[in-house]
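Because only heavy atoms are used, hydrogens play no part in the values below, and waters and symmetry mates are left out as well, while side chains stay in.
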Amino acid sequence: MNLDIALVSGRANPELAKQISKELNIPLLKVDIAQFKDGEIQVYYNETIRGKHVFIIQPTFSPSENIIELLIMIDAAKRASAASIVSVNPYFGYARQDRKDRPRTSIGAKLMANLYTTAGIDRLITMDLHQDQIQGFFEIPVDHLYSSTVFIPYINGLNLEELCIVSPDTGGTKRASAYAKFLNCELAIGYKQREKANEVAKLQIIGDVKDKNVIIVDDIIDTGGTLCKAAAVAKEMGAKRVIAMCPHALLSANGLENIENSVIEKLVITDSIPLRKQSPKIEVLSVAPFIAQVIQSVMDKTSISSHYDLINS
Ligand code: R5P
């Protein structure tokens with residue numbers, strides 16, 4: 001057991017933190033997270049973290065309290081003389097606001113990067129950022145992991161012939177094409193038009209999905225609108241089976257019901273965000289062993305580049 005590490009969890013995804021702690025064989029450090037009557041968050045580390053490398057596990061999906069809680073945890077660790085602070089944030093919230101795509105709007109992802117760095121993190125471990133270039137919003141090391149590490153062995157295990165990987169929108173082309181290249185199979189791309197956030201007005205698939213076993217890959221499922229529409233269009237175009245894989249399942253509003261009522265045969269997600277309700281259609285693959293390996297590599301100062309073989313293929 002490495003005595004220099006302090007592993008702590010916020011309240012966003014304690015189950016994932018528990019699994020990571022089990023994998024590393026390092027107990028989670030006791031931390032009191034209290035709330036004033038008005039909702040303000042206060043953090044108190046129950047044990048000393050002076051001189052320790054503190055890894056704070058907290059994905060920042062909604063509500064925004066998860067973000068504030070993380071910031072307060074970082075600040076408390078900094079003021080308690082931690083040697084370094086690593087934010088282990090497998091789902092980086094606000095990543096969809098990665099550029100100014102119209103006037104008078106915010107670049108929320110950059111603002112988040114500024115907040116975490118100002119609070120005091122020395123490194124970020126994250127997974128499947130909405131766009132890779134968000135890494136550049138930080139002036140500290142970012143270990144950007146890919147869920148393909150768990151999804152690819154799963155796909156291989158399905159032994160599907162006539163496989164076609166589909167990106168539901170042009171933004172996901174790089175991700176989908178890396179999968180298709182690695183799996184040596186067909187690729188098709190969706191062209192999605194939105195009139196407002198979370199509403200898909202139109203979706204067309206460019207490519208041949210007829211008689212194919214289709215796997216749609218995306219980074220985030222929010223309301224499920226994108227995945228369900230892409231699946232329906234693929235089916236209309238003659239796809240044999242439609243499976244979807246997506247690491248970050250927010251499943252807001254009627255997301256879960258939308259998936260259940262869709263033509264998607266199976267949705268495979270990760271535990272970056274806790275699933276609020278089980279569904280026979282949804283299978284969860286844990287990224288805890290993978291994140292634990294990366295934390296170990298950070299501590300041991302060993303390379304993690306083999307995890308990037310797929311994306312660089
Ligand atoms: C958007 O570009 C993302 O990659 C996802 O496709 C999107 O966030 C999914 O949202 P929804 O499930 O509400 O369609």
Side-chain angles (χ1 to χ4, degrees), residues 2 4-10 12-13 16-17 20 24 26 28-29 31 41 43 45 49-61 64 66-100 106-147 149 219 247-248 272 287-288 290-308 311-312:
N2 191 328
D4 291 338
I5 300 188
L7 212 56
V8 280
S9 176
N13 195 343
L16 175 69
I20 295 174
L24 286 166
I26 296 173
L28 287 167
L29 192 115
V31 54
I41 296 166
V43 166
Y45 292 101
I49 48 172
R50 185 175 291 272
K52 302 233 177 190
H53 299 286
V54 180
F55 290 78
I56 305 173
I57 303 161
Q58 175 88 331
T60 51
F61 52 89
S64 308
N66 287 336
I67 296 170
I68 300 288
E69 189 169 292
L70 174 57
L71 290 168
I72 304 265
M73 290 179 85
I74 298 166
D75 187 61
K78 180 176 71 182
R79 292 175 198 280
S81 307
S84 73
I85 302 167
V86 181
S87 170
V88 183
N89 183 351
Y91 174 71
F92 187 87
Y94 283 79
R96 284 174 288 183
Q97 296 179 42
D98 56 358
R99 64 194 183 288
K100 211 171 151 185
S106 154
I107 306 180
K110 171 63 178 150
L111 174 64
M112 292 304 130
N114 288 350
L115 288 172
Y116 301 135
T117 337
T118 305
I121 64 166
D122 299 286
R123 174 184 289 271
L124 171 72
I125 297 178
T126 189
M127 191 177 80
D128 291 295
L129 285 168
H130 182 57
Q131 291 299 336
D132 286 340
Q133 51 270 33
I134 292 173
Q135 295 168 67
F137 292 172
F138 290 87
E139 297 300 330
I140 52 166
V142 175
D143 293 311
H144 182 206
L145 317 179
Y146 295 99
S147 55
T149 303
D219 59 333
H248 306 306
S272 66
V287 285
F290 172 35
I291 292 176
Q293 273 173 32
V294 172
I295 292 177
Q296 193 63 60
S297 297
V298 170
M299 286 309 296
D300 296 346
K301 303 183 183 63
T302 53
S303 172
I304 61 162
S305 63
S306 60
H307 293 299
Y308 299 98
I311 227 68
N312 293 328

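Minimum interatomic distance between P247 and S272 (heavy atoms only, all atoms of both residues): O-OG, 3.4 Å. Of all heavy-atom pairs spanning I295 and I5, the tightest one is CG2-CD1, 4.5 Å. When all heavy atoms are compared, the tightest approach of S9 to V31 is O-CG1, 3.8 Å. In plain terms, the two heavy atoms of A77 and I85 that are nearest each other are CB-CD1, 3.8 Å. The heavy-atom pair separating A119 from L71 by the smallest distance is CB-CD2, 3.9 Å. What you find for A109 and A95 is that their closest heavy atoms are CB-CA, 4.0 Å.
A centroid separation of 6.0 Å or more is found between the aromatic rings of H53 and F55.
Remark: K52 NZ to S84 OG distance equals 12.0 Å, nearest 0.5 Å. Annotation: the span from M299 atom CE to I26 atom CD1 amounts to 8.0 Å, rounded to 0.5 Å. From T302, atom OG1 reaches atom CD of Q296 across 7.5 Å, with rounding to the nearest 0.5 Å. Atoms OG1 and CG, from T60 and L115 in turn, are 11.0 Å apart once rounded to the nearest 0.5 Å. Between the CD1 atom in I20 and the CG atom in L28 there is a gap of 8.5 Å [rounded to 0.5 Å]. To the nearest 0.5 Å, atom CD1 of residue I134 and atom NE2 of residue H144 are 8.0 Å apart.
Residues Y116 and L124 fail the side-chain proximity criterion, which asks for heavy atoms closer than 4.5 Å. Between N66 and Y91, every side-chain heavy-atom pair lies at or beyond the 4.5 Å cut-off. S64 has its side chain within reach of Y94: a pair of non-hydrogen atoms, C-beta onward, lies under 4.5 Å apart. Contact of the I56 side chain with the S87 side chain is not registered, since no non-hydrogen atoms from C-beta on lie closer than 4.5 Å. Side chains of L7 and I57 form a contact here, defined as non-hydrogen atoms less than 4.5 Å apart. Taking the side chain as every heavy atom from C-beta outward, V287 and M127 approach each other to under 4.5 Å.
Annotation: salt bridge (charged side-chain N to carboxylate O under 4.0 Å, His left out) contacts involving residues 71-84, sequence neighbours excluded, comprise D75-K78, D75-R79. Sorted by first and then second residue, the pairs that involve residues 117-126 and meet side-chain hydrogen bond (donor to acceptor under 3.5 Å, both in side chains), not counting sequence neighbours, are R123-D143.
With hydrogens and angles disregarded, a donor-acceptor distance shorter than 3.5 Å links the side chain of Q135 to the backbone of D132. A donor-acceptor pair is defined here as one N or O able to donate and one able to accept, closer than 3.5 Å; such a pair exists between the side chain of Q58 and the backbone of A12.
Screening H248, H130, Q131 against D219 for a side chain to side chain donor-acceptor pair (under 3.5 Å) leaves a single residue, H130.
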